[in-house]
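Notes follow the structure.
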Amino acid sequence: MPELPEVETIKNELIPHVVGRRITGVNLYWENMVLVPSASELRARLTGQKIVSVSRRGKLLIFGLASGESSIIHLRMTGSLLIMPALAEPEKHVRAVFKLDNGTAIHFYDPRKFGKMWLVRDVESVIGKLGMEPFDPSFTPEYLAGIMSNRTAPVKVILGEQSLIAGIGNMYADEALFAAKIYPLRPGKSLSGAEIKRLHRSIRNVLDAAIANKGASVQDYFRPGGETGTAHYDFKVAHRGGKLCPVCRTPIKRIAVRQRGTYFCPKCQREMPR
DNA sequence: CCCGGAACCTGAAGGC
DNA sequence: TGCCTTCAGGTTCCGG
């Protein structure tokens, strides 16, 4: 599922295909995906617009338009944006098609229908509540310590709160906690200064490595050209329940944290450290 | 404000 | 073979 490294990859690979292109037609097959404005108004206002930029904030893709408006897309769990020939018949799970002026089209492929879309003049109205970008220089161990302090919620849950840190989801939270040797259910406020430093470094290392591998294709993630990513080959714990820890050969455990599959090594990530 | 659980969705996988 | 249940998880909403 697209988290920061996957959305970053999609953004990078969409740019050469769409920047400078004009949208010549919009077909919507699942109108509930449009949050703002109405589906029919989005269709009308998007048609004819020129795309001037593509950027990422957290897990959101932002298409800057020549009018000054922005179209924003959240792929949620199973969404992909695929570059297709203009005449290609939309596959069963394609929820929207954006035709471009160069004989191609973007197909919004989303089996689970969780993806969302906005067309707004004020980008802040959509991204305004997002927290720090993990690669922002202001994302420091001190910032991480600040958001963990006074929290009894599991550190795994806090890592995934988009209003605090933007872009981390279920799999990269597990990977970062493994790299930092921290048990996922530890209360946020229980982390020591040394653990905060390790976690801070691990978050950046894990995300950086995943971007270098063009994202992780564990379920329905496809890049705009239809290719998968390879970051999941490097996963140490995420989605590896029952397999052996690459560090100590202990079987990886799977538990549910807030109804989410959570994978960790019971030996490398002790409930009570030391 | 904080915490935990349900709902939204559909396809895959497992049980009998 | 086929029906039924469970699971997957990003985000929002709701109750305590």
Side-chain angles (χ1 to χ4, degrees), chain A residues 1-10 28-36 39 56-62 72-81 90-96 107-118 125-131 133-134 146-177 184-191 207 210 215-222 228-229 231-232 235 237-243 252-264:
Chain A
M1 22 252 81
E3 301 181 24
L4 187 152
E6 289 74 30
V7 180
E8 178 71 14
T9 300
I10 292 165
L28 296 172
Y29 306 105
W30 173 246
E31 300 199 339
N32 288 358
M33 69 177 274
V34 181
L35 292 182
V36 176
R56 178 194 62 74
R57 178 79 169 89
K59 302 173 190 172
L60 289 159
L61 278 167
I62 305 166
I72 303 177
I73 288 179
H74 197 311
L75 298 169
R76 293 281 182 99
M77 293 175 53
T78 59
S80 297
L81 293 174
E91 193 272 351
K92 177 183 172 188
H93 300 296
V94 170
R95 310 303 180 192
H107 287 205
F108 191 134
Y109 171 88
D110 185 20
R112 298 280 287 284
K113 295 182 172 174
F114 273 32
K116 297 295 175 193
M117 179 169 186
W118 298 257
S125 68
V126 179
I127 68 168
K129 286 180 292 185
L130 289 177
E133 283 288 325
I147 66 173
M148 291 293 166
S149 65
N150 297 322
R151 294 291 300 272
T152 60
V155 55
K156 152 106 185 226
V157 170
I158 301 170
L159 283 182
E161 288 183 19
Q162 303 304 300
S163 60
L164 301 176
I165 308 172
I168 299 177
N170 203 39
M171 23 183 217
Y172 293 108
D174 282 358
E175 287 298 305
L177 287 167
L185 288 177
R186 291 271 304 283
K189 65 181 183 185
S190 75
L191 299 191
L207 295 177
S217 293
V218 296
Q219 273 189 357
D220 300 82
Y221 163 68
F222 297 102
T228 55
H232 52 298
F235 280 176
V237 291
H239 295 96
R240 297 191 68 246
K243 301 204 172 85
I252 303 297
K253 274 188 77 170
R254 179 193 181 280
I255 58 174
V257 178
R258 289 277 230 281
Q259 341 276 32
R260 299 291 173 262
T262 296
Y263 301 87
F264 67 101

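Remember, it's a predicted structure, so these values are computed and weren't measured experimentally. Lettering follows sequence order; numbering is per chain, from 1.
- In this structure, CG of A/Asp174 is placed 15 Å from C1' of C/dG10, rounded to the nearest angstrom.
- Considering all non-hydrogen atoms of both residues, A/Met117 and A/Ile73 come closest at CG-CG1, 4.1 Å.
- Spacing between atom CZ of A/Arg95 and atom P of B/dC8 amounts to 17 Å, rounded to whole angstrom units.
- Distances shown here put every side-chain N or O of A/His239 at or beyond 4.0 Å from the OP1 or OP2 atom of C/dA8.
- Residues A/Thr9 and A/Gly215 share a closest heavy-atom pair of OG1-N, 3.8 Å.
- A straight line from CG of A/Leu75 to P of B/dC9 spans 17 Å, rounded to a whole angstrom.
- For C/dG10, the OP1/OP2 oxygens have no side-chain nitrogen or oxygen of A/Gln162 closer than 4.0 Å.
- Regarding A/Glu3, its CD atom lies at a distance of 15 Å from the P atom of C/dA8, rounded to whole Å.
- Atom CG in A/Asp110 sits roughly 10 Å away from atom P in B/dT10 (whole-Å rounding).
- Look at A/Glu175 and A/Arg240 and you find no salt bridge, because none of the NZ, NE, NH1 or NH2 atoms lies under 4.0 Å from a carboxylate O.
- At whole-Å resolution of the value, CZ in A/Arg254 and P in C/dT6 are 15 Å apart.
- Note on ring orientation: taking the six-membered ring where Trp is involved, the planes of A/His239 and A/Tyr263 are tilted (angle from 30° to 60°).
- The nearest whole Å value for the distance from the CZ atom in A/Arg76 to the P atom in C/dG10 is 10 Å.
- Between A/Lys129 and C/dT11, a side-chain N or O to OP1/OP2 separation shorter than 4.0 Å is absent.
- Rounded to an integer number of Å, the gap from CG of A/Asn170 to C1' of C/dA8 is 9 Å.
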Listed pairs, N/O of protein and of nucleotides 3-6 of chain B, under 3.5 Å:
{"from": "B/dC3", "atom 1": "OP1", "to": "A/Thr152", "atom 2": "N", "distance (Å)": "2.7"}
{"from": "B/dC3", "atom 1": "OP1", "to": "A/Thr152", "atom 2": "OG1", "distance (Å)": "3.0"}
{"from": "B/dC3", "atom 1": "OP1", "to": "A/Ala153", "atom 2": "N", "distance (Å)": "3.0"}
{"from": "B/dC3", "atom 1": "OP2", "to": "A/Arg151", "atom 2": "NE", "distance (Å)": "2.4"}
{"from": "B/dC3", "atom 1": "OP2", "to": "A/Arg151", "atom 2": "NH2", "distance (Å)": "2.7"}
{"from": "B/dG4", "atom 1": "OP2", "to": "A/Arg258", "atom 2": "NH1", "distance (Å)": "2.4"}
{"from": "B/dA6", "atom 1": "OP2", "to": "A/Gln259", "atom 2": "NE2", "distance (Å)": "3.4"}

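- Using modelled atom types and a 3.5 Å distance limit, the side chains of A/Lys156 and A/Thr262 yield a donor-acceptor pair.
- Residue A/Pro2 comes nearest to A/Met77 through the heavy atom pair CD-O, 3.3 Å, listed as atom of the first residue, atom of the second, then distance.
- Salt bridge annotation for A/Arg56-A/Glu133: present, with a cationic side-chain nitrogen under 4.0 angstrom from a carboxylate oxygen.
- Of the side-chain N and O atoms in A/Lys116, none sit less than 4.0 angstrom from OP1 or OP2 of C/dG10.
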